[in-house]
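Source: prediction; values computed, not measured. Basis for what follows: all heavy atoms, side chains included, without hydrogens, waters or symmetry-related copies.
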Amino acid sequence: MLVRVVKRRGGEAMLAGRIVEVEVYLGADDAAAHSAAGKTARNAVLFGPPGHAYVYFIYGNHFCFNVSCMPEGDAGCVLIRALEPVAGIEEMARNRGLVVAASEGRAAKLRLLTSGPGRLCQALGITRPHDNGKDLTSRQSDLWIGDDQFKPGEIATTARIGITRAAEQPLRYVIAQSPFVSGNLRIPKAGAGRHR
DNA sequence: ATATCGATTATCT
DNA sequence: GATAATCGATATG
C-alpha cells in the first residue's frame, strides 16, 4: 500500500503534505455522512465521479477536505484528517498565522500546521467556492493527489472523531508511527510527555 | 496534565 | 431556529 501526497501550487511556492490520517464516510447506510439524506446542493460533488474534491464549511470557522471515491451516483468519500508537511512549509505557516522557528520547537510546530481537518485546509488554502469540485487526479489542476512511493508502517484503525452519529464504526485510518496524526486519539506511551 | 467552552456561518428542518 | 466530519483559549488538578 502506498501513501500519497496532496500538492498545491499557490503563486510561486508548491505546498505538499503526505496523508497520514483519513476517515471513511459511506454514501448510504452511514448516518454520519453528509450524503446520508440524499443529494443536496452542498454535497453534490460526492454524487459525481470519483477523485474530485468535496470541500465544506463547518462550525462557522473551518473547512474540511474530502475526496469522492465512489462511481457516479454513489456518494462514498474519504475525509483527509491530517498531513505530514513536506514542502512549502513557510507558506503553510503563513497561511496558519504561525511562525516556524528554524530550530528547536520546529517539530512541535509542524504538527500544528496540518494535524487536523480544519488546520490542513487552512495551511493549504483550501476553501469552499474555490476548490470544491476540483479534479484531484489531474496535474493540470492546482490541487491534486499523487503517489509519492512512501511505504507506511503499520496502519491502525480507530473510531471516527468528532461525529455524533454512528461514531462507533472503526473507519478512521492512521499511520500508527506518524507523529503528525491529529491529536485527539494519540496514544502517548507512559512517560512520553514533555517537561518544561 | 486534562476538561470544558465559545466562536461563527452554511445548511437543513 | 437548531445543528455541525473543529480549533484554540481558558479553567482546573
Tell me which nucleotide, if any, is Watson-Crick or G-U wobble paired with B:dC5 when both distances must be under 3.5 Å. C:dG8
For A:Ile58 and B:dT8, what is the distance between atoms CD1 and C1' respectively, to the nearest whole Å? 12 Å
To the nearest angstrom, the CG-C1' distance between A:Leu112 and C:dA9 comes to 14 Å
Nearest whole Å is fine: how far is C:dT6 C1' from A:Tyr56 OH? 9 Å
For B:dT11, does either OP1 or OP2 sit under 4.0 Å from a side-chain N or O belonging to A:Arg128? yes
Compare side-chain N and O positions of A:Arg165 against OP1 and OP2 of C:dA5 and report whether any pair is under 4.0 Å apart. no
Rounded to whole angstrom units, what separation is found between the CD atom of A:Gln122 and the C1' atom of C:dG8? 11 Å
If you measure only the distance, is there a donor-acceptor pair under 3.5 Å linking the side chains of A:Glu21 and A:Ser182? yes
Determine: side-chain N/O of A:Thr164 to OP1/OP2 of C:dA4, distance under 4.0 Å, yes or no. yes
Atom NE2 of A:His62 and atom C1' of B:dA7: how far apart are they, to the nearest Å? 8 Å
Which one, B:dA7, C:dC7, C:dA4, comes nearest to the side chain of A:Asn61? B:dA7
Side-chain N or O of A:His34 less than 4.0 angstrom from OP1 or OP2 on C:dA5? yes
Closest to side chain of A:Phe57, choosing from C:dC7, C:dA5, B:dA10: B:dA10
Does the side chain of A:Cys64 come within less than 4.5 Å of A:Val55's, by heavy atoms? no
Listing request: all side-chain hydrogen bond (donor to acceptor under 3.5 Å, both in side chains) pairs with a residue in residues 46-59 of chain A, at least two apart in sequence or in separate chains. A:His34-A:Tyr54
Under-4.0 Å salt bridge between A:Asp142 and A:Lys7: no
Report yes if the side chains of A:Ser35 and A:Tyr25 come closer than 4.5 Å at any heavy-atom pair, otherwise no. no
Hey, does the side chain of A:Thr40 come within less than 4.0 Å of B:dT11's phosphate (OP1/OP2), counting only N and O? no
Interatomic distance where CG belongs to A:Asn43 and P belongs to C:dA4 [whole Å]: 16 Å
Side-chain donor-acceptor pair present, A:Arg119, A:Thr114, cut-off under 3.5 Å: no
Protein-nucleotide distance (A:Ile163, atom CD1; C:dA4, atom P), rounded to Å: 11 Å
Using a cut-off of less than 4.0 Å, is there contact between a side-chain N or O of A:Arg81 and OP1 or OP2 of C:dT6? yes
Is A:Gly60 touching bases, backbone alone, or none of the nucleic acid, heavy atoms closer than 4.0 Å? base
Round to the nearest Å and state the distance from A:Asn95 atom CG to C:dC7 atom P. 16 Å
Quick one: is A:Arg96 getting a side-chain N or O under 4.0 Å of the C:dG8 phosphate, OP1 or OP2? yes
Would you classify A:Tyr59 as touching base, sugar-phosphate or nothing, given that sugar-phosphate means primed atoms plus P, OP1 and OP2, and contacts are heavy atoms under 4.0 Å? base
So what's C:dA2 paired with, Watson-Crick or G-U wobble, going by both distances under 3.5 Å? B:dT11
